[in-house]
Amino acid sequence: MKFEDLLSEINGFGRFQKMVLCINFFGRLSLACHFLLGNFIAVIPSHHCSISSLDADEIFENLTQEERLTVSIPVQDDGTPASCHMFSYPQFHLLTNSSSPSEVAVVQCQNGWEYDHSTFISTLATQWDLVCEKRSLSRLTTTIFFIGVMFGAAAFGSLSAMFGRKPMLLVSHILGMGFGLCSVFSSSFIMFAVLRFFTGFAITGTVIISTVLNVEWVSIEHRKLVGVIDSLSWTFGFMSFPLFAYLIRDWRWLTVAISLPTVIAIITWWWVPESARWLLVNGRVDKAHYYLHKCAVINRKKEVIGRIKPENLAKIIVTDRGNRKYSYLDLVRTPKMRRLSLLTGITWFAVATVAYGISFNISGFGLNMYLTQFVYGAIEIPAKLSIYYLLDKFGRHITQSVSLLFVGISLMINIFIPKDKSVARTVIAVLGKGCSATSFGTVILYTTELYPTVVRQNGMGYTSFVARLGVSVAPLILLSDDIWSHFPQVILSSLGLSAAFVAYLLPETRGRCLPETIEDVEGIRKNTDSSPLQDQKMDQEGSRLQWKENLIVQNT
């Protein structure tokens, strides 16, 4: 008797599962905001050298601001004041003759900078003067954050496999909010960068643990729906974040605004159940019986669980429970697990790199950055809703492969469209972003179905680690436009096309029971049944009837 059969008996998508889904949905909303925070707090506004040193004798007293800049700051080719240089002494002759002779001495800024605060009250750049030769440090915070996310994925994947999903979820909530709030009190850029690293490290647990919990508690036929709803939490986070950023123009208060909502996740954590699958795999039968009983009561199936004693649950999943501990090494010990780890790793790296490479480029539509970010989020809604149909109609590996293929083609087409064809470029960009959202929403559900229960959290930790490595690389790819304006798109397009082929090699999981052990994946476990669900229905019904009869006999 498989766990899926028992889950179906007590309703695999009843009120209990919907409660868990809702709690995790709202708990993940602020995570998308943290992932996109760098797009707004790392902005470098227009700036020029402070000219206070040139006005020591108050000779600028009768000049307008425009005239002061004219005699103090050299003009760039586009007619705007230079950002990093100033005249060594005032050039009053420029008030009557706009041409600037080449022999005029120009020096670097001597007394800091003056910033345009019309759009942003405060950013990292204005806080610590991250401009000119320090310009790259502002964007570096995004890479540092995702390096933290990368290591956090590996750490929480292992820890939640060892200590359980629920306790590590609480640890992630508390530490993520704590480090996020502490970062607003940073007294230096280095302190802020370190705290952003630990913020990324901590919040990753919420991402991978909540996803696994959702999938492990629902029946086979509802996994695709859960996958869509799970990914939509990110979409709503992406769409709501520009509103927060538009209303809150100070980087400190914006960080506070996206960190505090985690309090709700901490409060609702008390209603989150532990994974019954994980408990059974680890030999904690009594605790698994407690949560299954709770699920049955809430789903109004109390009579089903009432016939099951804790010792009967030991017969549902036959594993190595209690005999060994699993680690990341188990992902590569056996041939098929090595192949699975390689293929999923490549797929996740490409999906994440391409998705965030598009998301970080919020000037691609030619609109203001707030509207662009909102549009990027809005595009994901129809794309992710389509996943529900696509996964059922075409299966997982076809949907994953084709969506990546379309992303690569869209990015490639935009390379050949002239930049003055803004409408055509926008349409193609929208299609690319939509396909990217489809591939990301699919790969999360797909991965949880591919890895067995004993190493599922390790598998999610590993793939999340590889994905965040890709996200960390994405800002660097965008900076390669200095080499050639289309170079970032060439790289991202190549990644998408290559990953499309790799994803096609993954096994299909539509309608199949979740694998419980590594032996299930290797195909060497006795009585393993991995045939499609529609081919199992008759056997499963007979199995359930026999199981019920045995329970009646045992309990009478």
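The basis for the numbers below is simple: all heavy atoms, side chains too, and nothing from hydrogens, waters or symmetry mates. From a predicted model like this one, the values you see are computed outputs, not experimental measurements.
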Backbone N or O of [Y] within a donor-acceptor pair of the [X] side chain at under 3.5 Å?
| X | Y | value |
| --- | --- | --- |
| D520 | T517 | yes |
| N299 | K301 | no |
| E508 | R396 | yes |
| T353 | A350 | no |
| S436 | G432 | no |
| R165 | S275 | no |
| W251 | A42 | no |
| K166 | V272 | yes |
| T141 | A193 | no |
| T204 | V149 | yes |

Could you tell me the separation between the [atom1] atom of [X] and the [atom2] atom of [Y], rounded to the nearest 0.5 Å?
| X | Y | atom1 | atom2 | result |
| --- | --- | --- | --- | --- |
| C295 | I10 | SG | CD1 | 4.0 Å |
| M168 | S160 | CE | OG | 7.0 Å |
| I444 | F440 | CD1 | CZ | 5.5 Å |
| E519 | K336 | CD | NZ | 12.5 Å |
| L21 | L213 | CG | CG | 11.0 Å |
| I208 | S464 | CD1 | OG | 5.0 Å |

Does some side-chain heavy atom of [Y] sit less than 4.5 Å from a side-chain heavy atom of [X]?
| X | Y | answer |
| --- | --- | --- |
| V443 | T344 | no |
| M337 | Y451 | yes |
| I346 | F349 | no |
| L181 | M177 | yes |
| N458 | Y462 | no |

State plainly whether the residues [X] and [Y] are in salt-bridge range, i.e. N to O under 4.0 Å.
| X | Y | value |
| --- | --- | --- |
| R456 | E216 | yes |
| R28 | D230 | yes |
| E380 | K433 | yes |

Taking only residues two or more places apart in sequence or in another chain, which ones pass side-chain contact (heavy atoms from CB on, under 4.5 Å) with S386?
->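 Counting only residues at least two positions away or on another chain, S386 forms a side-chain contact (heavy atoms from CB on, under 4.5 Å) with L390, T438.
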Counting heavy atoms not belonging to [X], are there more than 12 under 6.0 Å from its [atom1]?
| X | atom1 | answer |
| --- | --- | --- |
| R338 | CZ | yes |
| F13 | CZ | yes |
| L243 | CG | yes |
| F189 | CZ | yes |
| Y328 | OH | yes |
| I264 | CD1 | no |

Would a line drawn from the ring center of F25 to the ring center of W234 be shorter than 6.0 Å?
->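 No, ring centres 6.0 Å or more apart.
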Test of ring centre spacing under 6.0 Å for F197 and F145 |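 Ring-ring flag for F197/F145: false, centres at least 6.0 Å apart.
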Which heavy atom of [X] sits nearest a heavy atom of [Y], and at what distance?
| X | Y | answer |
| --- | --- | --- |
| V218 | Q17 | CG1-CG, 3.9 Å |
| G176 | T199 | O-CG2, 4.0 Å |
| R510 | K393 | NH1-O, 3.2 Å |

Who passes side-chain hydrogen bond (donor to acceptor under 3.5 Å, both in side chains) against T509, sequence neighbours left out?
->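 In terms of side-chain hydrogen bond (donor to acceptor under 3.5 Å, both in side chains), with neighbours along the sequence ignored, T509 is linked to E449.
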For Q400 and T442, run side-chain hydrogen bond (donor to acceptor under 3.5 Å, both in side chains): C-alpha distance rounded to whole Å, both residues' side-chain angles, the deciding distance at 0.1 Å, then the answer.
-> CA-CA 6 Å; Q400 186 69 70; T442 301; 4.9 Å; no
Find out whether the Lys NZ or Arg CZ of K294 is both under 6.0 angstrom from the six-membered ring centre of Y291 and within 45° of the ring's axis.
->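 No, a cation-pi geometry is absent between K294 and Y291.
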Only one of Y246, F244, F35, Y370 forms a ring-ring contact (aromatic ring centres under 6.0 Å, His included) with F40, so which one is it?
->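 Answer after filtering Y246, F244, F35, Y370: Y370.
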Qualifying side-chain hydrogen bond (donor to acceptor under 3.5 Å, both in side chains) pairs with a residue from residues 172-185, counting only residues at least two apart or across chains =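 Residue pairs passing side-chain hydrogen bond (donor to acceptor under 3.5 Å, both in side chains), neighbours aside: S172-T206, H173-T206.
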